[in-house]
Amino acid sequence: MKELPKAYEPNNYEDNIYKHWEESGFFNPDKCVEKGKTDAEAKHFSIVLPPPNVTGTLHMGHAAMLAIEDLMVRYSRMKGKKTVWVPGTDHAAIATQTKVEKILMEEGLDNPREELGREKFLERVNKFAQESHDTIIHQTKKMGSSLDWSREAFTLDEQRNLAVRTVFKKMYDDGLIYRGHRIVNWCPRCHSTLADDEVEYKEQQTKLYTFKYSKDFPISIATTRPETKLGDTAVAVNPKDSRYKKYIGEVFEIKNFAGGPDLKIKVIGDEEVDSEFGTGALGVTPAHSHVDYEMAGKNDLEIIQVIDEDGKMTAKAGEAYQGLGVEEARRKVVEALKKEGLMEKEEEIANNLSICYRCSHTIEPLTSRQWFIDVNKEFAFKQSKDNPIEGLKDGESVTLKKLMQHVVRAKEIKIVPDRFEKTYFHWIDNLRDWCISRQIWYGHRIPVWYKGDETYVGVDAPEGESWQQDPDTLDTWFSSGLWTFSTLGYPNLDSSDLKTYHPTTVMETGYDILFFWVARMILMTTYTLGEIPFETVYLHGLVRDEQGRKMSKSLGNVIDPLDMIEKYGADATRLSLLVGNTPGNDMKLSEEKIAGFRNFANKLWNISRYIQLTVTSEKKTMNKDLKVPEAETLADKWILNELKKTASFVTNDLESFRFSSAGEQLRDFTWSELADWYLEIAKIEGDKSKVLNYILNTILKLWHPFMPFVTETLWQQIYGKDNILMVESWPTFAEATVGKAAVGGSEDFGLLKNIITNIRSLRADYKIDPAKKLDVVVSAGDEKEILDKNTEVIKGLARLENIEIEVKVDKPDESIGFVVGGVEVYIKLGGVVDFEKEKSRLNNEVSDLGKYINSLEKKLNNENFVDNAPAEVVEKEKGKMEEAKSKLEKLNSQLQSLK
RNA sequence: GGUCGUAUAGCUCAGUUGGUUAGAGCGUACGGUUCACAUCCGUAAGGCCUCUGGUUCAAAUCCAGAUACGACCACCA
């Protein structure tokens, strides 16, 4: 065991430590069980990593996710549970394809897909995904994540593809997947559909046009999109609207609308129409608006598609418009209406523009033939044998919606923080059928084949010639929805991983993908396996900059995790993301905060360094398996007690997902109590090797899940490379035995602290040279014995020459004093006492105390309080009163002795 | 429009089921060459706990309302 360097330099250790962990095999629970590092009988703890998109690099949000998950995982592993954390990455279909297209276009291709063809194009995407994957894995390891790499998965690999095909086929057979011609969100840039929740909205100013279809049309309508009016088939009004009621049911024919097609407009009544907005009547364009589409269904209207999948006007829009872009068509319609004198009003209004969440291009709602998952269709629920869902019967008729609602409502799945349950239910209430087909190339190909009019749906391609597979791919969330079980061996239901680790224990992810992902996993898993995917959902917030802004390249406020690891170490980076981070809330992060935790890591390093040096100098050997040592002094008893308390709080906090609180408790113990008090006392009292050794072992274990690198480095420096802290047992506590020399308890140590702090404070107040050693006289009353036993501690920490402790002693001349915990302490200053200053200091204290006593008096004289408050509270207040009064008396007598 | 969240020291936040003279870190001021650590140590200053009502013996904490900021959902043509 060699002496440690003075400062902790993370870069000198981190990579080697990670390699050492990997080589040990202990990231893999099977190895832990084999080598007896885990209780084979214990309940499992499993997390599957939310797979980062292979679109680039990790950001601070990922770093926070890794820090939180690794904390839980390392804690559980030390607890002896069979712990697995499954790594993986997500192919992120549209996102990745869009990114690669952008790169290819920067390389000079105008239309990459067309120019390269499916095969070549996918080659490029795969190459990009691979590189991105490698970067991400590297970063993940840098954070110290104890992931079981032997189980790594990719949402688009063979195993996952088989899972996807299997589930698709199952759902199709159950009638939950259907193909239909329906209105969808279409991104003309991505040339694909989007799910409802993949549409974002951007507020913008736009023109609202009020016009009539023709001179003799009785109703004016308002629109922000005149070009879609070429496909109108109805006008909807509120059935209660007296202005228009009489027209409901009538059909008007308009010739050559805006120089374009002939229209047949039926007036319909619909409760949804707001009589107050615009003219109170709206033109219904079933092919290009979700709401209108629904009205068309109810009223059996014709659906005329006037915009095609490239965002160009179709033949149905009339010869004059065919082939024009949307914007151009709009101008032309407006012009035509004006020319014909049909335009009545133009006004600027604010409205929301729908845009694609991946490429920000305007969304065109249009009708198209797509694959959907029916969320309202009844089917027979298939219950899991091993992990049945409470409250559901095998064979019971359910819908996907009902399943999703049930497991959360019945608390089979707990969401942390629970307020998100409300959001979750609200989302499900509004849920429409999920459009799962995408017209992009990068993703899971839909396992459907066509031959003429025949359709074949299967896990594998059908036998025989001339079957054509559907060219579309699946929504990326289809495969991520299977993630908790597709990573554990599905579709092999006998897989031991699936049996051992599913349902997973915790799903830790960002609240921003509660709908995208968490809800989909619940849907897919309850359907496929008849069990829940996870027991608890822990939702973290966004990591923002110190001003609370989102980190973005354009703002230039991005803090890159790798830079921070390089500069301050992975442990400091992790801690900065754990402390001050509460579930469901965004957190602000600054480089200063990370630097602060770098300081702490160094502090822990030096605490260890000191303890190691001390133990060695006492010719003792460090022992990693030490039992709770005997307390010899008051300080020993106090620190062991504090350690026990801290460990129990931390354990409690970790069990209840209060990670920030756990970290703060530990930091306070380590820095304030251990380093600032106990170690200083240990220097005075000496011969502490057992207590020091024991405390160090314990705090290294407690800190390990938070700061794996520095704790592991220290552990191995002290106990050798064969001893790996990561698989040591989490501390549990027996009562510390107390040696005969120790008297008093935590409160008594508090008195000691107070005396010392007060002396220091007066020293500072009187600007007494810190090197000057003082003489002190104490009138100790009942506390004499305690203080007698600790004179050396007081002398050392308060820098005293002499201390005289009596039961009762008068204030010496030319001294200043204070009262604390019933004890009077006088510092002899000789001729330098400034009586005026002393008077005013004591007077201030007396006056403050007076106010305090008054408020207590008021309380205690209040009959209502004495009668109604619990006896113990009243007693407590009385105790305070006595203490305060006795203190007041002593202060007054001190004042008097000042003449 | 609907739902939800937040408001405590200059800044970032704790404050567990109502009951300490409301806490921590950073920052600030003052002082320190203590042999583990200046990535350190000591001391101090700094708070109508957003506002207004209510419940209660007792409110930073519970309830109602207001204000400000933020998020999500829906979407109006």
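FYI, side chains are in, hydrogens and waters are out, and symmetry mates aren't considered; it's all heavy atoms of this structure. Naming convention: chains lettered A, B, ... in sequence-line order (proteins, then strands); numbering from 1 in each chain.
- In the set B:rA77, B:rG5, B:rG19, the nucleotide with an atom closest to the side chain of A:Asn585 is B:rG5.
- Residue side chain A:Asn352 reaches the base of B:rC75 through a donor-acceptor N/O pair under 3.5 Å, judged by distance alone.
- Annotation: A:Gln205, atom CD; neighbour count of heavy atoms from other residues, nucleotides and ligands within 6.0 Å is above 12.
- Residue A:Asp197 is out of contact with every strand shown, counting any heavy-atom pair closer than 4.0 Å.
- For the side chain to side chain contact (heavy atoms under 4.5 Å, CB included) with A:Phe211, the lone residue among A:Thr279, A:Thr223, A:Val334, A:Val333 that qualifies is A:Thr223.
- At the heavy-atom level, A:Arg432 lies under 4.0 Å from the strands shown only through sugar-phosphate atoms.
- The base of B:rA36 is paired with the side chain of A:Lys683 by a donor and an acceptor separated by under 3.5 Å.
- Taking the C1' atom of each, B:rC76 and B:rA68 are spaced 28 Å apart, rounded to whole Å.
- A:Lys567 and A:Glu591 are joined by a salt bridge, as a carboxylate oxygen and a charged side-chain nitrogen come within less than 4.0 angstrom of each other.
- Along RNA chain B, the nucleotide closest to A:Arg419 and the one closest to A:Lys202 are compared, and the more 5′ of them pairs with A:Arg419.
- Within 4.0 Å (heavy atoms only), A:Tyr201 reaches at least one base atom of the nucleic acid.
- B:rG70 sits 30 Å from B:rU28 when the P atoms are compared, rounded to a whole Å.
- Annotation: B:rU20 and B:rU39 have their C1' atoms spaced 35 Å apart (nearest Å).
- Salt bridge A:Glu883/A:Lys880: absent, no basic N to carboxylate O contact under 4.0 Å.
- Between A:Glu227 and A:Arg225 there is a salt bridge, with a side-chain nitrogen of the basic residue lying less than 4.0 Å from a carboxylate oxygen of the acidic one.
- Using P as the reference atom, B:rA59 and B:rA22 are 14 Å apart when rounded to the nearest Å.
- Scanning atom types as modelled, one donor and one acceptor separated by under 3.5 angstrom connect the side chain of A:Lys603 and the base of B:rC37.
- Taking the P atom of each, B:rG47 and B:rG10 are spaced 7 Å apart, rounded to whole Å.
- Among the protein residues, A:Ala884 comes within range of no part of the nucleic acid, since none of its heavy atoms lies under 4.0 Å from any strand.
- Comparing A:Glu9 and A:Arg609 by the nucleotide of RNA chain B that holds the closest heavy atom to each, the one mapping nearer the 5' end is A:Arg609.
- Taking 3.5 Å as the limit, the base of B:rA36 and the side chain of A:Glu680 contain a donor-acceptor pair of atoms between them.
- Using a 4.0 Å heavy-atom criterion, one finds that A:Asp292 contacts no nucleic acid atom at all.
- Annotation: B:rU33 and B:rA38 have their P atoms spaced 14 Å apart (nearest Å).
- Across all strands, A:Trp671 comes closer than 4.0 Å only to sugar-phosphate atoms, never to a base (heavy-atom distances).
- When the C1' atom is compared between B:rC72 and B:rU12, the two are found 25 Å apart, to the nearest whole Å.
- Using a 4.0 Å heavy-atom criterion, one finds that A:Arg667 contacts the sugar-phosphate atoms exclusively.
- Ionic pairing of A:Glu272 and A:Lys298 is not present here: no N-O contact between side-chain nitrogen and carboxylate oxygen is shorter than 4.0 angstrom.
- In this structure, A:Leu208 reaches neither bases nor backbone, as no heavy-atom distance under 4.0 Å exists between it and the strands shown.
- Rounded to whole Å, the P atom of B:rA66 lies 41 Å from the corresponding atom of B:rG27.
- As judged by a 4.0 angstrom heavy-atom cut-off over every strand, A:Val579 is placed among residues making no nucleic acid contact.
- Counting non-hydrogen atoms under 4.0 angstrom, A:Thr582 reaches the backbone sugars and phosphates but no base.
- At a threshold of 4.0 angstrom between heavy atoms, the contacts of A:Asn862 are confined to the sugar-phosphate backbone, with no base atom among them.
- Within the nucleic acid shown, A:Thr757 comes within 4.0 Å of sugar-phosphate atoms alone, with no base atom in reach, counting heavy atoms only.
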